[in-house]
Each structure stands twice: as structure tokens, then as C-alpha cells.
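Working notes for the structure below.
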Amino acid sequence: MGPEDIVARAAAVLRENDMGGWTRASPTLYPHQWSWDSAFIAIGLAHLDTGRAAREIGSLLEHQWDNGKIPHIVFNPHAPPESYFPGPEHWASAADAPDSPTGPATTSGLCQPPVHAIAALRILRVAEARSEDAAQARAFLGEVYPKLLAWHRYLATSRDPESSGLVTIFHPWESGTDNSPRWTPALERVEVGEIPHYERLDLGHVDPSERPTGYEYDRFIWLVEVIKGTGYDDEVLFTKCPFMAKDVLASAILVKANEALAEISGVVGAPEEDRATLRAWIERGRKGLDESWNPDLGLCSDYDLRAGEPLPARTIAGFAPLIAGSEREDHLESLMLTLDSPLFAGDDDLRWPLPPSTSPQEKGFLPRSYWRGPVWPVINWLLWWSLEGAGERKRADRLKAYSLAQLSDGCFGEYYEPFTGEALGSDDQSWTAAVALDWLADEGSNGKPAR
Ligand code: 2M8
């Protein structure tokens with residue numbers, strides 16, 4: 001499939017997954033709206049329709065909690081109960097979670113990495129580049145700016161009361177990289193209590209070897225019970241949540257999202273005071289990431305707050321300083337070496353020289369299992385965008401070209417087996433289609449790989 005066909009198919013995937021103002025993450029496995037998926041989806045939609053891209057973020061923000069939290073799932077009221085587990089009934093209504101939107105549970109109570117401000121700004125930049133709808137995009141930014149600021153404030157305060165610059169997560173689902181070996185030691189320390197019998201609906205859609213294990217799901221579900229039991233009170237969770245970690249990937253994304261929001265604040269004429277706050281958060285975030293550097297791995301490491309120890313693992317999250325735009329040249333140089341090495345994209349056995357989500361040399365690497373090894377196009381987009389930001393044009397072009405070669409199978413897989421290139425997980429995954437659209441709209445793209 002050539003570039004034009006990829007664009008046509010990607011647009012068709014987003015159309016098919018369009019539920020009217022919001023996009024389901026995939027046709028069957030994920031019938032609801034996911035938070036960071038929608039941000040990436042908006043980046044793709046920006047190339048098709050400014051208003052619809054803006055609506056994607058706007059509809060998600062309609063479900064923002066009173067404390068600023070953007071929930072990780074907004075449930076589709078028309079999806080049958082047997083379509084996704086855990087569905088809305090497993091989360092809390094406003095009655096037992098004071099910060100949640102009023103009425104019955106329509107959202108989950110967790111959150112995900114804050115890609116939203118990055119997406120919102122990109123909607124304007126794409127509109128400007130197309131000389132279309134820029135005024136509409138600016139008006140949209142004016143509407144969402146206070147909501148995005150509240151979201152970032154929530155992450156910078158309630159999720160970082162120590163002002164470390166690093167975001168705390170209470171559940172691996174909050175990292176978006178659910179079963180990554182990043183979390184294995186912390187998850188092993190979680191003692192599972194009484195959980196109601198449950199049925200895994202994901203296994204009806206995808207081969208079990210491509211999904212998290214039962215051991216992991218028991219912990220995921222137990223953590224939902226514990227978190228719900230506190231009424232989603234972050235202060236209480238800091239004292240009793242059995243899983244509590246500083247997430248370097250979410251923290252790096254927050255740094256870039258704060259930069260995007262600072263730019264947006266200029267566009268919408270927000271007070272200087274806001275910019276000063278955003279600058280302070282950016283500085284703090286970079287410092288927190290500098291301090292999470294692991295020289296032995298040539299990567300950055302997450303931190304288990306419960307155990308009081310780092311969580312060293314060779315996964316794509318370790319590239320967080322690259323994503324944050326670190327000012328430490330030595331860290332960036334080291335990251336380039338790690339990225340090109342056989343630990344990641346330089347493994348000669350790979351189908352395409354694209355970084356697996358977990359290094360094939362990491363304990364716990366599994367080439368078919370979700371975040372434990374497969375290549376994720378959406379993560380490659382994040383790395384590509386970060387390489388461009390770091391002035392690493394050649395590496396960025398290469399990553400994009402091979403990613404597009406991978407997507408020329410037309411499956412728009414959720415993730416890919418790194419050695420065979422087989423599409424895994426869900427087909428027609430919305431965020432995969434979205435990043436393909438963004439890549440192909442990117443200037444100078446000829447869609448052909450160049451070593
Ligand atoms: C995956 O996560 C959900 C739970 O949130 C699941 O496995 O059921 C992750 O890949 C996550 O990052 C993503 O946002 C979601 C929807 O694509 O699927």
C-alpha cells in the first residue's frame with residue numbers, strides 16, 4: 001500500500017470509529033473514548049477537519065472531574081455491557097467520589113498521560129499551515145485553555161505534592177503502558193485482597209498471548225477496588241495505595257504539554273502569571289527527570305514510592321528525557337546510543353529498525369505481549385516528534401519512514417511483533433490511523449524508507 005492509499009485507509013478507519021463527536025479507540029476491543037488515545041486521534045483529525053479535531057478534545061473535556069482530572073475512559077452509553085471490562089458499573093458515581101461529574105458513573109476514575117495540550121496546539125498549527133480554519137482553532141484554544149490548565153495543575157499538585165517534577169500514578173493503567181516490565185516489581189509487591197469474580201472480555205477479541213496475564217489482571221482489578229474505596233481521594237491514596245510510582249513517561253509528556261500550554265496561553269492572551277506557573281512546572285519536570293537518570297542503563301527510570309526504590313527497566317519509557325527535551329547533552333547523547341544499539345532499534349533481527357516497547361534484552365521481554373515487547377506506532381510517533389524537536393532530523397526521518405513501511409500492511413494494528421512485523425492486538429486502532437495521517441501530512445515525506 002502506497003502513501004496515498006495509507007492516507008485514504010487511515011481516514012476511513014477514523015470515520016468508522018467516529019461515534020459522533022468522539023472516537024472509539026478501536027472497533028471491538030475498545031468501544032469507549034480513551035483519554036490519551038483521543039489526544040493522538042485529534043492530531044490525525046486535524047489534517048482532515050479542524051472542527052472535528054477540536055470536538056474530539058472538547059467532548060473529552062466535558063467529562064473532566066471537578067479537581068481537574070481528565071478521566072482515562074469516558075464510557076459509551078450505547079456500548080453493550082458485555083463489550084468491555086471493567087465497564088462503568090465498576091467505577092464510582094458522584095455519590096461516592098465527590099470530585100467526579102454529577103450523575104451515574106460515566107467515566108473511570110483513573111487518568112492517563114497528558115498529551116491533550118500538545119494535540120490542541122497542533123490543531124492550530126496544522127490549520128495555519130493549511131491556511132484554513134485558524135480562527136476556529138484559536139477560538140477552540142480559548143475555550144479549552146482554562147480546562148487544560150486545571151488538568152496540568154491537578155497533575156503538578158495533587159499528583160506531585162512533593163514538587164518533585166514527577167507525576168505519581170496509582171495504577172499501571174494510568175501509565176498507558178499497562179503490563180510493561182517497568183511495573184513488574186511494584187506490581188509483585190501488591191497483595192491482592194478479596195476481588196469479586198470477573199470475566200475478561202478482552203480475551204474474546206484478542207489472543208491471550210497478546211494481552212496481560214491473569215496474574216496482572218487480578219492486580220489491576222484489586223487496585224481499582226482499593227482506589228474506588230477511597231472515593232478517589234489522592235491524599236488518602238498517597239497513604240494507602242499499594243501501588244504508587246513516579247512515572248517518567250507521563251512526567252516527560254507533561255513537560256512538553258506545559259510548553260504547548262505556555263504557547264497556547266500566548267495565543268489566548270492569558271495572564272503572565274499563568275506563564276510563570278507553567279515555566280516553573282517545566283523547570284521542575286526537567287529537573288525531576290535529570291534526577292531519574294540511570295547511567296547503567298543509559299535511560300531514565302521510574303520510581304516505586306511504596307518500596308522507596310527505583311524501577312530500572314529497559315523500556316521505551318526510559319527515553320523520557322528525549323521526549324521532555326532535556327537540556328542535558330550527555331543524557332541525550334547516551335539516549336541516542338541506546339536507541340540505535342541492539343538493545344532497541346539496532347537489533348539486526350528486527351523486521352524494521354523500530355524500537356520495541358521493551359528491549360529484547362530485558363528480563364520479561366515477550367515479543368507478542370502488548371507492552372512487553374511489540375512495536376507501537378503511536379510511541380514511534382512520540383519518539384519521532386521528540387527527535388525532530390531535538391534537531392535529530394536524520395534519525396527522525398528514518399523512524400518515520402520505517403514506521404510508514406510497517407503501516408503499509410493497511411491493518412493499522414494496535415501493536416506489531418518486532419521480528420516478524422505481524423500486526424497484533426486490535427486492527428483498525430484509531431490512534432495508529434491518526435499518527436499515519438500526521439506522518440504523511442508532514443512536509444517532505446515520500447513514504448519511502450531510507451537507511
Ligand atoms: C490499553 O489499555 C486498556 C486499559 O486502559 C486496556 O488494555 O483495556 C492501553 O494500551 C492504553 O494505553 C490505551 O489507552 C487503551 C486504549 O487504546 O488500551
Side-chain angles (χ1 to χ4, degrees), residues 13-14 17 19 22-44 56 60 70-76 79 82-88 90-91 107-116 119 169-180 182-183 187 198-214 216-221 223-224 227 247 249-250 253 315-317 357-358 368-382 412-416 423-435:
V13 166
L14 291 186
N17 289 336
M19 307 305 285
W22 65 273
T23 310
R24 58 185 177 198
S26 75
T28 52
L29 185 58
Y30 307 119
H32 308 292
Q33 183 176 28
W34 261 262
S35 166
W36 74 327
D37 295 57
S38 263
F40 286 109
I41 290 164
I43 291 172
E56 188 70 28
L60 180 70
I70 298 183
H72 106 290
I73 303 175
V74 175
F75 290 103
N76 171 5
E82 66 283 3
S83 57
Y84 182 79
F85 173 83
H90 292 272
W91 302 94
T107 78
S108 81
L110 306 177
C111 56
Q112 276 187 327
V115 187
H116 317 85
I169 59 164
F170 297 119
H171 194 297
W173 281 341
E174 295 203 302
S175 73
T177 65
D178 313 353
N179 72 337
S180 169
R182 304 168 74 183
W183 311 124
L187 215 49
Y198 65 92
E199 197 190 330
R200 292 273 302 271
L201 298 169
D202 55 327
L203 303 183
H205 299 294
V206 171
D207 188 276
S209 67
E210 299 167 27
R211 292 287 300 173
T213 60
E216 286 154 347
Y217 249 81
D218 281 353
R219 275 146 192 81
F220 293 165
I221 300 307
L223 287 171
V224 169
I227 294 168
D247 175 334
L249 179 60
I253 291 174
T315 75
I316 33 89
S357 48
T358 295
R368 302 182 73 80
S369 175
Y370 203 42
W371 291 97
R372 283 189 168 261
V375 169
W376 286 69
V378 72
I379 294 295
N380 288 341
W381 185 92
L382 202 53
F412 297 98
E414 186 183 3
Y415 41 94
Y416 285 81
L424 302 173
S426 177
D427 276 353
D428 292 352
Q429 182 82 9
S430 297
W431 65 8
T432 307
V435 298

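All ligand and atom numbering here is 1-based and tracks the order in the structure. This structure is a prediction, so every number in the text was calculated from the model and none was measured.
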Show which atoms of ligand 1 fall inside a sub-4.0 Å distance from at least one heavy-atom site of R211.
-> 6 (C), 7 (O), 8 (O)

Ligand 1 and G176, any nitrogen or oxygen pair closer than 3.5 angstrom?
-> yes

W371 heavy atoms within 4.0 Å reach ligand 1 at atoms 9 (C), 10 (O)

Based purely on interatomic distance, does Q112 place a nitrogen or oxygen under 3.5 Å from a nitrogen or oxygen of ligand 1?
-> yes

OG1 (T28) and NE2 (H205) are apart, to the nearest 0.5 Å, by 5.0 Å

Out of Y217, W91, Y198, Y30, which residue meets the ring-ring contact (aromatic ring centres under 6.0 Å, His included) rule with F85?
-> Y198

If you measure every N/O of W376 against every N/O of ligand 1, is any gap under 3.5 Å?
-> no

Spatial distance of atom CD1 (I169) from atom OG1 (T177) [nearest 0.5 Å] = 7.0 Å

What protein heavy atom sits nearest atom 16 (C) of ligand 1, and how far off is it?
-> D37 OD2, 3.3 Å

How are the rings of F220 and H171 set relative to one another: parallel (under 30°), tilted (30 to 60°) or perpendicular (over 60°)?
-> tilted

Distance to 0.1 Å, residue and atom name: give those for the protein heavy atom nearest to atom 8 (O) of ligand 1.
-> Y84 OH, 2.5 Å

Heavy-atom proximity to atom 7 (O) of ligand 1, best of W173, Y370, F220 | Y370

Distance (rounded to the nearest 0.5 Å) between S35 OG and H72 NE2 | 9.0 Å

Atoms in ligand 1 with a heavy atom of W36 nearer than 4.0 Å = 11 (C), 12 (O), 13 (C), 14 (O)

At under 4.0 Å between heavy atoms, what of Y415 touches ligand 1? The answer is neither

Looking at Q429, which atoms of ligand 1 are within less than 4.0 Å of one of its heavy atoms?
-> 17 (O)

Applying a 4.0 Å heavy-atom criterion (strictly less than), which segment of D202 is in contact with ligand 1: side chain, backbone, both, or neither?
-> neither

Give yes or no for whether the N/O distance cutoff of 3.5 Å, strictly under, is met between E414 and ligand 1.
-> no

Protein contact of atom 2 (O) of ligand 1 - nearest heavy atom, named by residue and atom, plus distance | D178 OD2, 2.9 Å

Would you indicate whether the side-chain heavy atoms of I73 and Y84 approach each other to under 4.5 Å?
-> yes

Distance col, row L29:CG vs R24:CZ, nearest 0.5 angstrom, shows 11.5 Å

Kindly say whether E414 contributes a backbone atom to a donor-acceptor pair with the side chain of S426 at under 3.5 angstrom?
-> no

Could you give the distance from OG (S180) to CD1 (I316), rounded to the nearest 0.5 Å?
-> 6.5 Å

